[in-house]
Visitor: 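One structure is given below, represented as structure tokens, and several questions about it will come after.
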Amino acid sequence: MTMSIAHLTRRFGATEVLRGIDLAVDKGELVALLGPSGSGKTTLLKIIAGLDWPDAGALTVDGEDWLAKRAQDRRIGFVFQHYALFPHMKVRDNIAFGLTVLPKAERPAPKQIAARVGELLHFLQIAPLGDRYPAELSGGQRQRVALGRALAVDPRILLLDEPFGALDAQVRRDLRRWLRGVHDAAGTTTIFVTHDQEEAFELADRVVVMGAGRIEQIGRPDEIYDHPATPFVARFLGLTVELPVTLRAGRAEAPGLDPSALPRRAMADGPATLFLRPTEITPVPDTTGPWRVAEAVSTGALLRLGLEGPADCRIEVEVPRRAGRGLTEGQTVRLRPEAGQIFPRQSNSDGASAPAAKPLSSVKESSL
Amino acid sequence: MTASAHVTAGALAPRESRLVPRLLIGLALLLTAVFVVVPMVYIFHRAFAAGWSVFAANIAEPGTLHAIWLTALVAVITVPVNVGFGIAAAWALARFRFPGRKALLVLIEIPFSISPIIAGICYLLLYGRQGLLGPWLLAHDVQILFALPGIVLVTMFVTSPFVVREVLPLMEAQGSEQEQAAVTLGASGWQIFRRVTLPNIRWALLYGAVLCGARAVGEFGGVSVVSGSIRGQTNTLPLQIDLLFNDLNIVGAFAAASTLTLIALVVLVLKAVMESRRG
Ligand SMILES: Nc1ncnc2c1ncn2[C@@H]1O[C@H](COP(=O)(O)OP(=O)(O)O)[C@@H](O)[C@H]1O
Ligand SMILES: [Mg+2]
């Protein structure tokens with residue numbers, strides 16, 4: 001099964017929730033839709049499932065036009081964020097549901113259905129739970145049942161909406177590995193939604209980063225981590241320090257900035273913004289440095305520094321506490337970035353991706 | 001229906017803090033006894049005052065017997081119709097956003113807020129000889145007023161909100177995710193309704209149906225306008241009680257009343273059982 005989505009748009013009233021989505025998914029792939037909440041991930045997933053319909057665009061699977069197909073006829077498996085198990089049915093009957101609603105001619109005999117359910121219970125490692133009701137299960141167990149119910153119909157594509165969103169951290173990590181195993185063993189094609197980058201990077205073959213109804217970047221986890229394609233992706237991945245610089249011969253220059261650790265870039269000269277993680281920059285004490293430590297707070301392992309620089313810039317950086325001995329409030333410093341991404345700074349026209357023209361701050365809300 | 005906070009002070013609470021609750025509880029019990037229990041016991045007392053045989057004879061009186069039968073018939077027609085209407089309305093209101101939805105929500109409640117006698121008069125003006133549809137009905141020999149159809153229509157009007165009111169909040173609270181899950185698993189509309197929607201609302205639905213039935217059996221004001229109170233023909237049980245009472249047939253009236261009260265008590269027990277099942 002190969003799926004291809006072209007120029008998909010979806011509007012709710014005046015708000016454009018999907019603004020031209022193009023995406024192709026290959027057979028057997030495990031793809032993560034990663035983005036902040038409200039970026040349209042669920043909407044896209046529901047359109048693929050046939051639970052919602054776009055205003056424009058195309059959705060084809062193996063050359064078939066899926067927008068002309070009802071959800072019932074698409075044979076997908078959908079796992080809801082809050083599981084949506086049927087509370088009045090035992091686990092066994094929940095899992096069997098998709099088989100028992102098949103038309104008489106295609107429906108397996110009750111014995112075969114029971115056998116298939118037993119197989120799935122075993123496969124999902126919930127064999128002893130078959131006769132319980134959903135209310136008698138933990139969150140992680142419910143998640144497994146929901147997945148079992150979706151897998152029972154042997155879906156052509158498996159769609160999961162924030163599958164681990166409602167679980168605590170330890171269960172999340174366990175289930176993540178388990179889901180990867182299930183995907184590999186069942187040989188399905190899987191798309192899952194998450195706003196947790198660690199989850200997306202650990203689990204997926206390919207990650208699709210979404211922001212405000214658009215796809216910002218598609219790539220393998222490491223690729224995206226090392227080379228965020230847009231300021232949005234950079235901020236979302238935690239590159240929350242933004243420094244205004246000037247590019248000259250591929251080097252970022254700014255007062256009090258020591259760019260020697262940064263590789264040269266093949267980029268045109270001009271104003272740009274350097275994005276980096278709070279740990280990827282070292283403040284070096286320097287009596288003539290244009291930056292000043294305005295605030296120093298210890299978090300135990302790290303020293304979190306609020307730095308004020310030229311033109312009212314303020315950034316927040318982190319250094320190991322031991323390395324930050326001389327960095328007390330009032331100390332002036334130079335900055336030595338160890339890594340980072342540079343994006344040309346457009347004039348105000350591109351407000352969404354370059355607020356770097358305004359005084360800098362560590363953009364907390366975009367890091368989620 | 002709603003979870004209430006139970007406040008019970010520990011044994012070491014100062015004494016005066018227990019006085020006020022006790023006073024209020026005592027008052028509530030007293031008022032319930034005076035206004036509810038005593039009259040009800042009295043009905044049975046009067047009905048059986050002259051002994052079993054007199055009671056039985058009064059119930060077996062053809063007018064009363066027919067009234068019981070007619071009342072049961074009205075309930076048997078009304079309840080299923082309103083259950084159907086209630087499910088349809090609740091489903092439409094819970095699952096869809098359409099123009100006029102707010103208006104429909106208000107309209108559905110109207111039968112609760114206006115006096116049933118007004119409903120009766122409206123039907124009289126609509127279907128009566130001088131009414132809007134009267135001449136047409138007369139020409140086609142359709143009898144609505146002073147006959148079973150009129151009684152049923154008014155009863156349906158009066159009892160129409162019960163099922164919706166019970167089912168709608170539940171359906172809204174549960175949302176449509178389970179139904180969407182069923183869709184993705186290939187279920188048809190009917191399969192979804194029967195295997196997912198209905199089991200989820202079954203207790204609320206039964207509860208609404210019981211309330212609807214109780215009201216259908218007990219309705220007096222609206223029915224009295226459209227039934228014409230024809231003895232042995234269009235008298236429902238409440239009307240028959242009124243009639244017997246006006247005839248000064250006190251034992252007969254109390255015998256009929258005790259029957260109606262008995263039905264109400266049965267409903268009450270059913271209601272209590274269902275409330276505990278609904279959790
Ligand atoms: N049925 C709907 N009606 C109106 N707005 C909606 C509806 N569903 C989603 N939205 C809006 O669309 C945007 C994207 O929603 P969603 O796809 O759920 O995002 P995500 O799953 O990435 O958090 C949100 O701003 C949300 O408010
Ligand atoms: Mg979502």
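Chain identifiers are assigned alphabetically (A, B, ...) following the order of the sequence lines, protein sequences preceding nucleic acid strands; residue numbering begins at 1 within each chain. Computation of the quantities below employed the complete heavy-atom set of this structure, encompassing side-chain atoms and omitting hydrogens, waters and symmetry-equivalent molecules. Bear in mind that the values here come from a model prediction, so they are computed numbers and not experimental data.
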Visitor: Under a 4.5 Å heavy-atom cut-off, does chain A meet the side chain of B:Arg202, its backbone, both or neither?
Guide: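 Only the side chain of B:Arg202 comes within 4.5 Å of chain A.
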Visitor: For A:Phe86, which of A:Phe80, A:Tyr133, A:Phe97 qualifies under ring pair (Phe, Tyr, Trp, His ring centres under 6.0 Å)?
Guide: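 The passing option is A:Phe97.
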Visitor: Kindly indicate whether a cation-pi arrangement holds for A:Arg144 with A:Trp178, taking the cut-offs as under 6.0 Å to the six-membered ring centre and within 45° of the axis.
Guide: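 Checked: cation-pi criterion met.
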Visitor: Under 4.5 Å heavy-atom distance to chain B, tell me which part of A:Arg75 shows up: side chain, backbone, both or neither.
Guide: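 Contact with chain B: none, neither part.
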Visitor: Tell me, side chain or backbone of A:Leu99 under 4.5 Å from chain B's heavy atoms, or both, or neither?
Guide: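 For A:Leu99, there is no contact with chain B at all, as no heavy atom is under 4.5 Å.
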Visitor: Count the heavy atoms belonging to other residues, nucleotides or ligands that lie under 6.0 Å from NZ of A:Lys69, then report whether that count exceeds 12.
Guide: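 Enclosed.
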Visitor: Centre of A:Phe12's six-membered ring, under 6.0 Å away, within 45 degrees of the axis: is that where NZ or CZ of A:Arg10 sits?
Guide: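 The answer is yes, since A:Arg10 meets both limits relative to A:Phe12.
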Visitor: Identify which of A:Arg149, A:Arg74, A:His82, A:Met89 forms the greatest number of heavy-atom pairs closer than 4.5 Å to chain B.
Guide: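 Of the options given, most contacts go to A:Arg149.
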